[in-house]
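Below is one structure, written out as structure tokens, with a few remarks after it.
As the structure is a computational prediction, the values presented were derived from the model and not from experiment.
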Amino acid sequence: MTLLGWWRSRGNAARFDLFVRATFYASYLVLPPLLIVGMTEEIGTAALAVITAAVLGHVALSFPLVHQGIEHHLGRVPFPRHLLVIFLAYTAVVLISGELAFPNPTPGKPDGPADGIALIVLILTVTTLSAVVRPRFVLLACLVGGAYVALTAPPGRAIFTSTMLLFVAFAFSTTLWMLGLVWELDRSREIRASLAVAEERLRFARDLHDVVGRNLSAVALKADLAAQLARRGRPTAIDEMLEVRRIAQESLDELRAVVSGYRTADLSVELAGARSLLASAGIDCRVIGEADISGEPAGALGWAVREGVTNVLRHSEASSCTITLRGKVLTMSNDGVTASDFRFGSGLKGLHERISALGGTVTAAPEAPHRFVLTVELP
């Protein structure tokens, strides 16, 4: 699968998830080199190598901690308590070591190497904690970091660092909160679609129960009465069995009437059902045109609407669907198509056979950007 095909195969929630994770990881790859380069003139090569190694170790702990923190936020893994303790201990060691190694700022400059080390480590720490702990604990970490800088650096530097820490915490915590909402909305959409299908199944089961249940109870009662009368040699047993046959025939007619709604498709009924079913799944459905045809063509287009709605619910993450009627031409267009390849399934094959028998054509293909169009044309 190509990179573009892999990207299209992912849903909107998965794409946003990837973006959020990449935002966290990019901050570890971009910020440390920029700050370390700015310190090269203040310290020697050996000290620069030690600082770089310490920052790389901090980044190495941040990557798995951020991953597990996001997974825990989404309810997939337990809280990474042990890794968090190791991370905080390592952070404290790096800050204390930097302060001991560079106790005083460079003469003539307000910012010493220790201040640069503290800035790098504190920003990366707050970034990581934003993905792991709750916002109030991230705020507490910002206050602790600001207090540390206030004790070890000039006041102007402390205010700048504290402001930056709060900004980083707000940005990453908000992004993670949005990620949780996106996944929750994605799950809600799937649940609505499943509930819509389940509701239709329950309706059909209820109709069958109402029609068949009462009549079968009557058949059982009449048959038992006829058996009792037959044992006694009563001629009325024949009348009871004739009554059983009548009830059975009526039940069969009623059952056929119930099932006929699923074996035949009326275009106007199917359009109304499409609006209702898609709306219950959270999909905006628009119908353009009028169902002004009747007879067999209307039934064939009704089947097309039914199959199209099934495809929208099962094979897409659509947020909108448009059904257009122009004479005997039906077009269904929906967004949310994530698959790059397309095949005619059994439903579309059956629809193609049904329309071909009437001399019509069926075309179905994805269109950019991420749309799918089903067109049925009758002569």
Side-chain angles (χ1 to χ4, degrees), residues 16-39 51-52 54-74 79-80 83-99 110-183:
F16 187 73
D17 187 303
L18 181 61
F19 168 78
V20 170
R21 295 173 191 265
T23 303
F24 276 95
Y25 299 148
S27 64
Y28 302 129
L29 300 178
V30 175
L31 182 61
L34 293 177
L35 296 177
I36 290 176
V37 169
M39 299 168 56
I51 294 174
T52 302
V55 173
L56 289 178
H58 195 275
V59 170
L61 288 174
S62 298
F63 267 83
L65 186 57
V66 165
H67 172 72
Q68 294 189 27
I70 294 177
E71 293 294 308
H72 171 72
H73 179 75
L74 299 177
F79 184 75
L83 186 57
L84 178 61
V85 172
I86 296 174
F87 173 80
L88 293 177
Y90 183 87
T91 301
V93 169
V94 171
L95 290 175
I96 295 174
S97 299
E99 191 64 31
D111 299 331
D115 298 331
I117 297 172
L119 180 63
I120 298 173
V121 174
L122 288 176
I123 291 179
L124 295 182
T125 300
V126 170
T127 300
T128 303
L129 293 179
S130 299
V132 181
V133 299
R134 296 181 179 181
R136 61 174 178 265
F137 295 112
V138 180
L139 179 60
L140 178 62
C142 293
L143 296 178
V144 173
Y148 172 82
V149 176
L151 295 175
T152 59
R157 185 70 171 183
I159 295 175
F160 171 78
T161 303
S162 301
T163 304
M164 181 173 290
L165 292 179
L166 291 173
F167 174 78
V168 170
F170 175 79
F172 283 101
S173 298
T174 303
T175 303
L176 193 65
W177 171 69
M178 292 174 61
L179 176 63
L181 288 182
V182 169
W183 275 116

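V126 approaches A169 most closely through the heavy-atom pair CG1-CB, 3.7 Å. Closest heavy-atom contact between V168 and S130: O-OG, 4.4 Å. Pairing each heavy atom of G146 with each of L165, the nearest pair is N-CD1, 4.2 Å. For Y90 against G57, the heavy-atom pair with the smallest separation is OH-CA, 3.6 Å.
Once rounded to the nearest 0.5 Å, the distance linking CD1 of I123 with SG of C142 reads 10.5 Å. Note that CD1 of I70 and CZ of R21 are 5.0 Å apart. Values are rounded to the nearest 0.5 Å. Residue L65 holds its CG atom at 11.5 Å from NE2 of H72, rounded to the nearest 0.5 Å. Note that CG of L95 and OH of Y148 are 4.5 Å apart. Values are rounded to the nearest 0.5 Å.
Put simply, the side chain of H73 does not reach to within 4.5 Å of the side chain of L179, judged on heavy atoms. Residues L83 and P64 meet the side-chain proximity criterion, which asks for heavy atoms closer than 4.5 Å. You'll find the side chain of P135 stays beyond 4.5 Å of the side chain of L139, heavy atoms only. Under the 4.5 Å side-chain criterion, counting only non-hydrogen atoms from C-beta, F137 is not in contact with L129. The side-chain heavy atoms of V133 and L84, taken from C-beta on, include a pair separated by under 4.5 Å. Side chains of T175 and T23 form no contact here, defined as non-hydrogen atoms less than 4.5 Å apart. In this structure the side chain of V138 never reaches within 4.5 angstrom of the side chain of V132, judged on heavy atoms.
With V59 as reference, L124 is the one residue of T128, L29, L124 to meet the side chain to side chain contact (heavy atoms under 4.5 Å, CB included) rule. Between F24 and the options F63, F19, F172, a ring-ring contact (aromatic ring centres under 6.0 Å, His included) holds for only F172.
The number of heavy atoms from other shown groups lying within 6.0 Å of CZ (F167) does not exceed 12.
F170 pairs by the ring pair (Phe, Tyr, Trp, His ring centres under 6.0 Å) definition with nothing, not counting sequence neighbours. T91 is linked by a side chain to side chain donor-acceptor pair (under 3.5 Å) to H58, counting only residues two or more places apart in sequence or in another chain.
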